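Worksheet for the structure shown next.
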Amino acid sequence: MEVVHVELGARRYPIYVGAGCLQELGTRLGETGCGVRMAVVTNSTVAEHYLEPTLASLRRAGFDPATVQIPDGEEHKNLAWLTRIYDQLLEAGIERSGAVVALGGGVVGDLAGFAAATYLRGISCVQVPTTLLAQVDSSVGGKTGVNHVLGKNLIGAFAQPRFVLADVDTLRTLPTRELTAGLAEVIKYGVILDEALFALLEQRIADLQRLDRDLLVEVVRRCCAIKASVVSADETESGLRAVLNFGHTVAHGLESLTGYTRYLHGEAVAIGMVAAARVSQRLGFCAEAEVERIRSVLVRCGLPTEVPAELRGESLARAMRSDKKARDGAIKFVCLETIGTTRFERLSCEDIVKYL
Ligand SMILES: NC(=O)c1ccc[n+]([C@@H]2O[C@H](COP(=O)([O-])OP(=O)(O)OC[C@H]3O[C@@H](n4cnc5c(N)ncnc54)[C@H](O)[C@@H]3O)[C@@H](O)[C@H]2O)c1
Ligand SMILES: [Zn+2]
């Protein structure tokens with residue numbers, strides 16, 4: 001099992017990455033010194049595959065786990081389901097010393113993480129991510145929260161977990177489309193900060209899609225290390241952390257314009273990354289060859305790379321402008337220089353769509 005640390009002083013925590021490491025969850029939780037009575041929060045789909053081994057590992061280590069199950073789907077990441085989680089934690093007798101284990105993808109992670117951050121003014125949380133997106137992105141960094149009818153992730157808190165345990169074997173049951181969407185975020189890390197990772201992906205993307213275990217552990221570990229270093233440098237996204245938004249301005253615009261139904265997040269990010277590279281190239285920051293390298297590896301994954309004609313223009317600009325990251329009509333846009341290096345540029349949404 002590999003270990004990466006998120007360096008945050010007294011709140012420093014480890015990310016364990018391995019193949020088959022779910023069985024070690026109980027032992028790892030035991031090391032945190034948290035109370036015996038604790039809860040696993042998961043959803044119906046993930047429970048079917050991984051609830052039993054999770055509970056078994058916790059019981060072997062002497063824990064007395066309660067289970068809180070929510071239905072599958074982003075539409076349940078809201079205040080109503082948060083309240084139901086509080087109810088069940090109270091009914092189960094979870095105290096201040098207890099912990100919440102978030103077992104699932106980013107939806108469960110965000111919701112359970114926020115529940116843990118606020119229940120009894122905050123109890124320990126452990127993230128056990130089971131989607132590729134959650135393993136390389138949402139479980140690391142401490143952003144938790146729920147959606148509001150007026151927008152995604154509008155209610156929440158920064159609250160770091162005690163540790164993250166990513167078992168890449170859980171990805172074997174993940175639908176192919178979800179796995180592929182997660183690959184877009186993996187590729188993003190290479191593009192923004194790690195040329196060597198990007199080159200490895202160019203070489204071995206097919207092995208990754210075949211879920212080669214050693215390669216998965218290596219790639220997830222490297223992505224977590226990148227996210228960990230960015231988060232350590234800028235926990236609350238005042239500056240550097242915004243580099244993680246590469247490709248996300250256009251992605252959020254597309255997701256919002258299509259009512260969050262047409263694209264999985266990673267698919268929109270794939271289109272958004274090529275768009276961001278294209279904009280950068282048109283502004284003279286990067287060479288055409290870099291745009292082509294990014295496009296080509298995404299195409300080989302089976303990800304979309306073009307903004308459909310019907311979604312171009314003013315409506316996309318408007319959708320991007322209403323994103324919460326837009327200020328005074330201008331956006332702190334992450335531009336590409338070369339693979340592995342970026343720069344921030346304030347651009348208007350009109351300019352971005354003009355250069356697409
Ligand atoms: N906190 C952050 O920093 C952060 C970052 C990025 C995204 N997010 C959030 O993450 C969420 C998206 O996360 P996601 O892409 O993991 O989606 P998700 O949690 O909805 O999971 C995708 C689907 O896969 C299923 N699933 C999960 N693990 C499985 C497994 N091992 N086998 C079979 N099926 C499995 C889920 O039940 C779901 O149907 C969004 O709500 C987004 O806002 C948060
Ligand atoms: Zn993303």
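Ligands are counted one by one from 1 in listed order, and the atoms in each one are counted from 1 as well. All values reported here derive from a predicted model rather than from experimental measurement.
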Of Asp169, Val17, Val168, Val186, the residue whose pairing with Leu216 passes side chain to side chain contact (heavy atoms under 4.5 Å, CB included)
Val168
for atom 17 (O) of ligand 1, nearest protein heavy atom and its distance come out as Gly106 N, 4.1 Å
Quick look: Asn147 vs ligand 1, heavy-atom contacts under 4.0 Å, and the answer is neither
Just to check, does Lys77 reach to within less than 4.0 Å of ligand 1 when the distance is taken from its heavy atoms?
yes
Sidechain N-carboxylate O distance under 4.0 Å for Lys77, Asp110
yes
Any side-chain heavy-atom pair of Glu185 and His265 under 4.5 Å:
yes
Is Glu288 salt-bridged to Arg278, cutoff N-O under 4.0 Å?
yes
Same cluster (ILVMFWY, side-chain, under 4.5 Å), Ile294 and Ile271
no
Numbered in order shown, the ligand 1 atoms found under 4.0 Å of a heavy atom of Asn153 are 43 (O)
From Leu171 atom CG to Thr173 atom OG1, the distance as rounded to the nearest 0.5 Å:
7.5 Å
For ligand 1, is there an N or O atom under 3.5 Å from any N or O atom of His49?
no
How does the hydrophobic cluster around Phe163 look, that is, which other residues are in it when side-chain heavy atoms under 4.5 Å mark a link?
Met1, Val3, Tyr16, Leu22, Leu25, Leu29, Met38, Val40, Val46, Tyr50, Leu51, Leu55, Leu58, Phe63, Val101, Leu103, Val126, Val128, Leu165
Is it the case that Lys188 places NZ or CZ above or below the six-membered ring of Phe246, under 6.0 angstrom from the centre and within 45 degrees of the axis?
no
Taking NZ, NE, NH1 and NH2 as the nitrogens, is one of them in Asp212 or Arg204 under 4.0 Å from a carboxylate oxygen of the other?
yes
Should you measure from each heavy atom of Tyr50, which atoms of ligand 1 turn up under 4.0 Å away?
31 (N)
Atom 6 (C) of ligand 1: which protein heavy atom is closest, and how many Å away?
Asp137 OD2, 3.6 Å
Can you tell me which residue and heavy atom of the protein come closest to atom 32 (N) of ligand 1, and the distance to 0.1 Å?
Thr173 OG1, 2.7 Å
Lys/Arg-Asp/Glu bridge criterion (N-O < 4.0 Å) met for Glu218, Arg222:
yes
Please work out whether any backbone atom (N, CA, C, O) or any side-chain heavy atom from C-beta onward of Leu133 is under 4.0 Å from ligand 1, and answer side chain, backbone, both or neither.
side chain
salt_bridge(Glu345, Lys332) N-O dist < 4.0 Å:
no
Do me a favour and list the nearest non-hydrogen protein atom to atom 3 (O) of ligand 1 with residue, atom name and distance?
Lys143 CB, 3.6 Å
Under the side-chain contact (heavy atoms from CB on, under 4.5 Å) rule, what do Asp194 and Leu200 come out as? Steps first, then yes or no, please.
CA-CA 10 Å; Asp194 190 344; Leu200 175 70; over 6 Å; no
Quick one: which ligand 1 atoms are inside 4.0 Å of a heavy atom on Thr170?
30 (C), 31 (N)
Applying a 4.0 Å heavy-atom criterion (strictly less than), which segment of Asp72 is in contact with ligand 1: side chain, backbone, both, or neither?
side chain
Which residue from Thr131, Val231, Leu179 reaches closest to atom 16 (O) of ligand 1 through any of its heavy atoms?
Thr131
With respect to atom 18 (P) of ligand 1, which of Val46, Val107, Asn43 exhibits the smallest heavy-atom separation?
Val107
For the pair Arg262 and Glu310, find out whether any cationic side-chain nitrogen is under 4.0 Å from an anionic carboxylate oxygen.
yes
Is Glu95 salt-bridged to Arg37, going by a charged N under 4.0 Å from an acidic O?
no
With a heavy-atom distance limit of 4.0 Å, tell me whether Asp110 approaches ligand 1 through its side chain, its backbone, both, or neither.
side chain
Do the side chains of Arg312 and Glu306 get close enough for a salt bridge, i.e. N-O under 4.0 angstrom?
yes
Quick one: nearest non-hydrogen protein atom to atom 4 (C) of ligand 1, plus distance?
Ser138 CB, 3.2 Å
Protein N, O or S atoms lying under 2.8 Å from the Zn ion (ligand 2), listed by chain and number:
Glu185 OE2, His248 NE2, His265 NE2
N-O pairing of Asp87 and Arg84 below 4.0 Å:
no
Distance from atom 35 (C) of ligand 1 to nearest protein heavy atom, with residue and atom
Leu174 CD1, 3.6 Å
Looking only at N/O atoms, are Glu178 and ligand 1 under 3.5 Å apart anywhere?
no
What is the nearest protein non-hydrogen atom to atom 28 (N) of ligand 1, stated with its residue, atom name and distance?
Thr130 OG1, 2.7 Å
Return the closest protein heavy atom for atom 41 (O) of ligand 1 as residue, atom name and distance.
Glu74 OE1, 2.7 Å
